[in-house]
Amino acid sequence: MSTSTIVSDLSEERIAYLEKLVSQARAAAAVFTQCAQEDVDRIVKPMVLAGLEQAQYLARLAVEETKIGVLEDKALKNMVATEFVYNYVKDKRTVGVIREFPESNLVEMAEPIGVILSLTPITNPTSTVLFKCIMAIKTRNAVIFSPHPGAWHCCSEAVRIMYETAVKHGAPEGVFSCLESHTLQDNAYLMRHKDIGLIDATGGPGAVKAAYSSGKPALGVGPGNTPVYLEKTADLNMAVMDIIISKTFDNGTICASEQTVVIDDEIYDRVLKKFSDLGAHICTEKETELLGRTVIDPSTGCMQPMAVGQKATSIARFVGIPVKPKTKLLIAPIKGVGREYPLSVEKLFPVLAVYRAKSVDEALKLCVDVNHAGGLGHTAVVFSKNDEVIRKFSEVINAGRIIVNSPGSIGALGGVYNDLVPTFSFGCGTGGGNSTTDNVNVYHYLNIKRVARRTQAHMWFRVPNQIYFNMNAVENLRNFPSRSTIIITNPALERIGHVDIVRRCIPPETPVRVSIIPDAEPDLKIVTQGVEALNFYKADQIIALGGGSVIDAAKIMKLKYESPEADLEELAAPFLDIRKRVVQYPTEKVNQARLIAISTTSGTGSEVTPFAVMTDKTRGLKVTLADYSLTPDVAIVDPQFVMSMPKGLTVDTGIDCLTHALEAGVSVFASAYTDSNAMQAIRLVFKYLPVAYEHPRDEEARSMMHNAACIAAIAFSNASVGVNHALAHAFGARFGVSHGRANALMLPHVMAYNAAVPTKFMPNPNQRGYVAHKKYAMIAELLGLGGHTVEEKVKNLIAATVGLLDQLGVPRSIAELGISKEEFESAIPELAKVAFDDPSWRSNPRMPLVSELVELLWQAYNGRAPAKAASAVQEPTVEETVYV
Ligand SMILES: [Fe+2]
């Protein structure tokens, strides 16, 4: 029968009755939302006391009505359901702010669910009602109870007691109700009712399945089939007593109770003797077979309902097994798990299967089989003093609760034998078809809202320990004692005598070797040779004398020398945030060497950066490494090494330096720390680059440009670069154009692009607004370029940049380089793809669309002036702070 058929079978009168229950509950829930934590707590306590007072009365009603279980145990369960649950919830906050995590800027707030439909079982009827009533009031929810029809009277009485006490102490009227003489149709109707917020189904598989199938959020618990491993090191007296306590508790009705005990061969006979001594009957093979046939339905393989919660003696009598009058438990030895061994399934009555295991592996396998035979996700028990056995058992068993050295049923209830959360509802996880493995508790009766305040990312500013600058700064090498020094440099620098200058500054007692490497992007082969030399001479100091490629090579040699296991390809793995990167650089070092970088060009700033680029020609790989551990220990910025730089190199490196500073200035990682460097570098470039270009021997200009390159590198080491570099990398590599020139071709267009309102903003918690245009305006102000509005200032800065490029004789369009339009057009898709994959733009203020990268490439090709630079941005001044 489909659900719609079931629902349509309801009479109008019945529907009106159900609607009334829901509307009362809804109204109560609405009123309840006004209650404060103190109001709620004032209601809960008297409810708990009322439940305790009526524990025996309700237990008696339950036993009389259901004919299941043991009066004394049911009374005890009612007390656990009230006192133990109260002990857990009494100080818990369940209204308003319930938890705060100041270090994470997170606050959790409770929101009631509203109306809960609660299905309760025949096996634990009143205790489940008491438990759920307390949880509902504590969380400001209204509940409509739908008890198992075989336990309606006792449950409705439990609801009445809880309801009257709750209302007397301030709970809204209608907060609890109990369906009268209900049917499956009623449940189906309510389960689909729009005003029911949650179905909490504690009961048989049918009720749980109906709840989960309703389309409503549901808390349902799965069936159990608790395996127990009784391992040879266990305290046998304790184990046997615990198992008897648990399996006979309320005649075995708690679904967490023990079902099959797997016993090690060595102790099997002793254990059975102990069971027997304490009042268990050990079944013969024939009795086991008879028992299996009778208490388990052969057609379904499930327990017979008439056996549930009955005494061992009653079952024995029914089956025809002669037992002593006070027999507590029937123990049935079985030889395996499955349909041929009917007693290997769940038995909610005092019949316990036992199995003799020849080894730990066999025992674990059988426990897993029992676990899978209808008890996935529920409960398992292990008795052992061997931690390794307990660990293995816990690993292989799929159970929400693994109870160690204590009774399964009372252990799983929580709060008595352990610190599990007290509950009468065991989540069984996905194995049991449930949404949780938890012991269901108040937090499952709440919608927990997480108020997540903005958290600023921690920022940093990292530079080499020591930077020596100005003419003859190289003389500071005297301050660094060394047992063995290697100078890494290139042939040209050796030829023009730079190596000799360095050598003269090293203390005479220091053994020095020179390793000449080609002046090109370092290759794995070169790096490997360098590391061999470092090892051979047991170097403790590396002096890198050269431009970016020499210094990069030295950084990688040092890395491989100190940590030979470092996998360069793996270390080059992409990352979004350097602090959260997947791959970590090695911290354990087999060697240690100081790296002193002496730059002989004024551009890359490699002497202070945490970056290094290398190629692996054999595998056709380009490896870009980035980690602050790569930063040289000492940087020497001595202009004497750049006095003879040719014009072309002066221009290329100078523009690279300017681009570093401009991109770092508008980066989303820019800070007052990086800006102080970026802005100063820009000022120095505008002032001194033309001089150094026109008058190469001008010592002041050379010195200032050398400083500017280093200062700009300090800025971009901490704030990174942007779209300009992404485009320049792609274009430069594809068409063999130098890095500085490639940057120059993109620069005015990228500035205009960044100054306009972005199509896509770059997500970053440190950005309080879009400020790139204001940053450009700040730079314009610093350069004294004039202008009244931000827009004018941005325009003036771009114009000044274009003017500088013109002054340096840099080609202003890709077309001027002789690259045909057709060739460029055919390269565009690949260029855009490569640029988009380039990590450089991740810190760009605008997140570039691929189409925008294409547009920028075309602008660079045509060299068209970026006329409408900042037209979309109309702000009068830059007074507003640009920092968070
Ligand atoms: Fe660069």
Side-chain angles (χ1 to χ4, degrees), residues 519-522 546-553 555 597 599-615 622-626 630-632 635 637 642 645 648-667 669-670 674 677-678 681-682 684-685 689 705-751 754 801 804-805 808 810 831 834-835 837-844 848 856 860:
D519 188 21
E521 202 162 83
S549 52
V550 165
I551 297 175
D552 282 7
K555 287 175 181 175
S599 53
T600 59
T601 61
S602 307
T604 66
S606 184
E607 68 276 11
V608 290
T609 69
F611 310 113
V613 181
M614 186 196 76
T615 53
K622 179 168 172 157
V623 178
T624 302
L625 300 172
L630 295 172
T631 309
V637 187
V642 291
M645 255 206 309
L649 193 57
T650 303
V651 171
D652 280 345
T653 52
I655 293 169
D656 189 25
C657 159
L658 176 64
T659 312
H660 292 157
L662 282 167
E663 294 216 277
V666 294
S667 155
F669 291 119
T674 57
N677 288 275
I682 293 164
L684 291 173
V685 172
L689 182 54
M705 272 312 296
H706 211 31
N707 286 337
C710 180
I711 294 168
I714 288 173
F716 92 83
S717 292
N718 293 283
S720 193
V721 284
V723 159
N724 206 102
H725 267 76
L727 291 169
H729 288 153
F731 169 73
R734 171 71 175 75
F735 289 98
V737 174
S738 76
H739 178 58
R741 259 153 230 266
N743 271 329
L745 287 163
M746 311 295 162
L747 192 55
H749 312 289
V750 171
M751 289 169 76
N754 283 338
T801 306
L804 176 67
L805 297 174
L808 298 171
V810 180
L831 290 178
V834 172
D837 278 343
D838 193 297
S840 304
W841 66 256
R842 310 274 193 267
S843 44
N844 197 68
L856 285 165

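Start at 1 and go down the list; that is how both ligands and their atoms are numbered. Hydrogens, waters and symmetry mates play no part in the numbers below; they use all other heavy atoms, side chains included.
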Ignoring hydrogens and angles, state whether a donor on the side chain of Asn724 or Thr659 is under 3.5 Å from an acceptor on the partner side chain. no
Say whether, by atom type as modelled, one donor and one acceptor occur between the side chain of Thr674 and the main chain of Ala719 under 3.5 angstrom. no
Name of the Asp656 N, O or S atom nearest the Fe ion (ligand 1)? OD1
Of all the heavy-atom pairs spanning Ala742 and Phe731, show the shortest one and how long it is. CB-CD2, 4.0 Å
Restricting to N, O or S atoms, which atom of His660 is closest to the Fe ion (ligand 1)? NE2
Identity of the N, O or S atom of His739 lying closest to the Fe ion (ligand 1): NE2
Looking at Ala728, is its backbone amide N or carbonyl O close enough to the side chain of Asn743 to form a donor-acceptor pair, meaning the two atoms are under 3.5 Å apart? no
